[in-house]
Amino acid sequence: GAIAEPARSRYDQLRSRRNCYVANKFVYTEDGLKMLFNDPDGSEEQAAAGSPGAGVPTGTRRGGRRHEVETVTLRSFLQAAEAPATIDYMCISAEDDTLDVLNHFDFSERAVTMVSIASGDAQQREELGALMARNGYEHRFKTFSISEDWYIKGDRAEASRPASA
C-alpha cells in the first residue's frame with residue numbers, strides 16, 4: 001500500500017505502524033509546490049489551508065498548527081511508491097482538491113479496480129461521479145457510506161453485483 005499524509009501529527013505514527021510507503025506530501029495537481037497545511041494537533045479534521053495560488057483558503061480549519069508541505073501529483077506519488085500497474089483498491093481524500101487531483105490523473109496509466117472517494121460537497125460529488133463515469137467506472141454501494149462514494153471499473157462492476165433472487 002501507499003499513504004500520503006501531510007499532517008505531522010499523524011505522519012510519524014503512520015510510519016511506525018504501517019509497513020508500506022508513507023509520504024509526508026500533499027497530493028495535488030502539480031509537483032513541488034509549497035503550501036500551508038493546517039494540522040489541528042492530531043484531530044480528524046486535517047485540511048489544507050487552501051490551494052497554492054488561491055485567493056481564499058477553502059479548507060481552513062480553526063486551531064492547530066500550520067506548516068509548509070510539498071505537493072505531489074497522484075501520478076508521481078504512485079510512481080514513488082512503486083505502485084503496480086494494476087491496483088485493486090485506491091482511497092482518495094484530498095479535501096476540496098479531490099476533483100482537480102482526479103481531473104489531472106491519467107486513468108489509462110493504471111488499472112484501478114475499485115476507488116472510494118471522500119467528498120462532503122454535493123456539487124463536487126456530482127462532478128466526481130461524472131468524471132468517474134467518463135473513465136469507465138460505475139457508482140456502487142451507495143448506501144454503504146454517507147461520506148464516501150465507491151466506484152468499480154466497468155468490467156469488474158458486473159462481477160460485484162449480487163445474484164438476483
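Since the model is a prediction, treat every value here as computed from it, not as a measurement. Just so you know, these numbers use all the heavy atoms, side chains as well, and skip hydrogens, waters and symmetry mates.
- Residue-environment remark: CD (Glu68) exceeds the threshold of 12 foreign heavy atoms within 6.0 Å.
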Quick one: do Trp150 and Tyr137 satisfy ring-ring contact (aromatic ring centres under 6.0 Å, His included)? Show the steps, please. CA-CA 9 Å; Trp150 293 74; Tyr137 287 83; over 10 Å; no
Could you walk me through whether Ile3 and Arg18 pass the side chain to side chain contact (heavy atoms under 4.5 Å, CB included) test, one step at a time? CA-CA 9 Å; Ile3 301 170; Arg18 299 288 182 102; 3.3 Å; yes
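- For the 3.5 Å distance criterion, the side chains of Asp100 and Thr29 fail to qualify, holding no donor opposite an acceptor.
- A distance of 10.0 Å separates CD in Glu5 from CD in Gln13, rounded to the nearest 0.5 Å.
- Other residues, nucleotides and ligands place no more than 12 heavy atoms under 6.0 Å from the CZ atom of Arg75.
- Applying the side-chain contact (heavy atoms from CB on, under 4.5 Å) test between Phe107 and each of Met132, Arg134, Lys153 identifies Met132 as the sole match.
- Dense packing is recorded around CG of Asp106, with more than 12 heavy atoms of other residues, nucleotides or ligands lying under 6.0 Å away.
- Other residues, nucleotides and ligands place no more than 12 heavy atoms under 6.0 Å from the CD atom of Glu126.
- Considering only heavy atoms from C-beta on, His139 comes within 4.5 Å of Lys142 through its side chain.
- Side chain of Arg66 to backbone of Asp39: no donor-acceptor contact under 3.5 angstrom is found.
- For the pair Leu78 and Ile87, the minimum side-chain heavy-atom distance is below 4.5 Å.
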Please walk me through it: do Val27 and Asp97 pass side chain to side chain contact (heavy atoms under 4.5 Å, CB included)? CA-CA 9 Å; Val27 178; Asp97 299 310; over 6 Å; no
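- Taking the side chain as every heavy atom from C-beta outward, Met90 and Leu74 approach each other to under 4.5 Å.
- Checked by atom type and distance alone, the side chain of His67 pairs as donor or acceptor with a backbone atom of Pro6 at under 3.5 Å.
- In terms of heavy-atom proximity, Cys91 sits nearest to Glu148 at SG-OE2, 3.7 Å.
- When all heavy atoms of Gly1 and Cys20 are compared, the closest pair comes out as O-CB, 3.2 Å.
- In this structure, the side chains of Phe37 and Glu70 stay at 4.5 Å or more apart for every pair of heavy atoms.
- Between the Asn135 side chain and the Leu131 main chain, a donor and an acceptor come within less than 3.5 Å of each other.
- Residues Ser116 and Tyr151 have side chains that never bring a donor and an acceptor to within less than 3.5 angstrom of each other.
- Across all non-hydrogen atoms, the minimal contact from Asp31 to Val72 is OD1-CA, 3.3 Å.
- Inter-residue side-chain proximity for Val69 and Lys34 is flagged as unmet; no heavy-atom pair is nearer than 4.5 Å.
- Considering OG1 of Thr98 and CD of Glu127, their distance stands at 12.0 Å, rounded to 0.5 Å.
- Nearest heavy atoms, Glu30 versus Thr71: O-OG1, 2.7 Å.
- Ring geometry for Tyr28 against Phe26 counts as tilted: the plane angle lies between 30° and 60°, on a 0 to 90° scale.
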Under the side chain to side chain contact (heavy atoms under 4.5 Å, CB included) criterion, do Arg125 and Asp149 qualify, and how do the steps go? CA-CA 8 Å; Arg125 283 182 117 156; Asp149 291 315; 2.8 Å; yes
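- Note: the hydrophobic cluster containing Phe105 also contains Val115 (ILVMFWY, side chain heavy atoms under 4.5 Å, direct or indirect links).
- The hydrophobic cluster containing Phe144 does not contain Ile117, counting ILVMFWY residues as joined when their side-chain heavy atoms lie under 4.5 angstrom apart, directly or transitively.
- The ring-ring contact (aromatic ring centres under 6.0 Å, His included) analysis of residues 4-23, with sequence neighbours excluded, yields the pairs Tyr21-Phe77.
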